[in-house]
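Here is the structure we will look at, set down as structure tokens.
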Number of protein chains: 2
Amino acid sequence: MTLLPVIEATACCAPLTRDAMTQSQADDLAKSLKAIADPARLRLISIIAASEGQEACVCDLTEPLEIGQPTVSHHLKVLTDAGFVTRSKRGTWAYYALVPGALDSLARLLVTA
Amino acid sequence: MTLLPVIEATACCAPLTRDAMTQSQADDLAKSLKAIADPARLRLISIIAASEGQEACVCDLTEPLEIGQPTVSHHLKVLTDAGFVTRSKRGTWAYYALVPGALDSLARLLVTA
DNA sequence: GACCTATATCGATGGTTGTCAATATTGACT
DNA sequence: AGTCAATATTGACAACCATCGATATAGGTC
């Protein structure tokens with residue numbers, strides 16, 4: 001499933017509270033919010049963000065959350081599809097990094113006035 | 001179901017990206033995000049926010065969204081439980097108003113550094 | 001009280017989603 | 001080629017959720 005990346009979804013629009021949203025604006029924003037509205041995914045973002053270079057290896061993400069490796073992989077895919085993180089493979093390892101500004105664009109949409 | 005209001009859920013904490021979150025912090029934040037991660041609820045917030053005094057009657061909320069009245073009522077309850085809006089009844093009508101600062105507290109948690 | 005209007009609650013239903021176990025893929029190393 | 005380690009994908013299942021129709025509640029008016 002391809003998903004409108006956050007940055008594009010947010011580049012165009014007035015804040016949530018300025019004007020009544022259209023249905024498709026609401027759909028896009030809801031998709032972005034759904035992508036981060038999960039405890040496991042929030043913790044993944046949080047760990048990645050706190051890591052050096054805002055980048056972390058999957059091997060460092062599996063233990064702290066107490067869920068299986070396939071589930072971690074699934075959550076990382078959701079975050080990637082939504083445009084919050086990017087994946088780069090180096091050797092056998094996969095590194096996930098925050099997309100700079102992605103969370104901020106989203107946050108800006110929620111601020112009132 | 002009682003839910004930790006956004007304001008309280010966010011009053012205490014460092015931004016999402018400063019430090020690794022605990023499980024319960026992630027649970028709370030995810031609940032707040034889930035509450036607004038729905039197109040119908042985003043449009044409700046949006047319409048309320050764009051109204052005079054950031055307050056709107058349910059009667060003005062049912063038509064624009066093209067969903068049934070019980071569904072609108074359900075979404076408003078979710079938003080109320082999560083602390084984004086408050087309900088006040090005047091006569092036969094129910095008015096929902098934005099909780100000042102609720103969305104902003106949430107947004108602040110998402111901003112990086 | 002009887003009736004109407006506005007809103008809330010209940011029960012059911014179809015669709016989505018988080019999780020897991022099992023398996024596949026990919027890359028490194030001998 | 002063969003093996004091992006890291007990660008991704010698949011298929012299944014239970015839990016959750018958005019929506020609806022039907023009904024209940026509450027306030028106003030006659």
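Because only heavy atoms are used, hydrogens play no part in the values below, and waters and symmetry mates are left out as well, while side chains stay in. Below, chain A is the first sequence line, B the second, and so on; all start at residue 1.
For B:Ser51 (side chain) and B:Gln54 (main-chain N/O), no donor-acceptor pair under 3.5 Å exists by modelled atom type. A donor-acceptor pair is defined here as one N or O able to donate and one able to accept, closer than 3.5 Å; no such pair exists between the side chain of A:Ser46 and the backbone of A:Leu42. Checking side-chain atoms of B:Thr80 against main-chain N and O of B:Thr86 turns up no donor-acceptor pair under 3.5 Å. Using modelled atom types, no side-chain atom of B:Ser73 and backbone atom of B:Gln69 make a donor-acceptor pair closer than 3.5 Å.
B:Pro39 meets the side-chain contact (heavy atoms from CB on, under 4.5 Å) test with A:Gln23, A:Ala26, A:Asp27, A:Ala30; sequence neighbours excluded. Looking at residues two or more places apart in sequence or on another chain, you find a side chain to side chain donor-acceptor pair (under 3.5 Å) between B:Asp104 and A:Thr112. For B:Thr92, the side-chain contact (heavy atoms from CB on, under 4.5 Å) criterion is met by no residue, not counting sequence neighbours.
Atom NE2 of B:His74 and atom CG of B:Leu79 lie 9.5 Å apart (nearest 0.5 Å).
Screening residues 32-45 of chain B for salt bridge (Lys or Arg N to Asp or Glu O under 4.0 Å) gives no qualifying pairs among residues at least two apart or on separate chains.
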N/O contacts under 3.5 Å, protein versus nucleotides 16-19 of chain D?
from, atom 1, to, atom 2, distance (Å)
D:dA18, OP1, B:Arg41, NH2, 2.9
D:dT19, OP2, B:His75, NE2, 2.3

Might you list the N or O atoms of the protein lying below 3.5 Å from N or O atoms in nucleotides 23-30 of chain D, with each pair's distance?
none

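For DNA chain C, the span of nucleotides reached by chain A at under 4.0 Å from its heavy atoms goes, 5' to 3', from C:dG18 to C:dA28.
B:Tyr95 comes within contact range of no nucleotide atom at all, as no heavy-atom separation falls under 4.0 Å.
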Could you list the donor-acceptor pairs under 3.5 angstrom formed by side chains in residues 55-68 of chain A, with sequence neighbours left out?
from, atom 1, to, atom 2, distance (Å)
A:Glu55, OE1, A:Arg90, NH2, 3.3
A:Thr62, OG1, A:Val58, O, 3.1

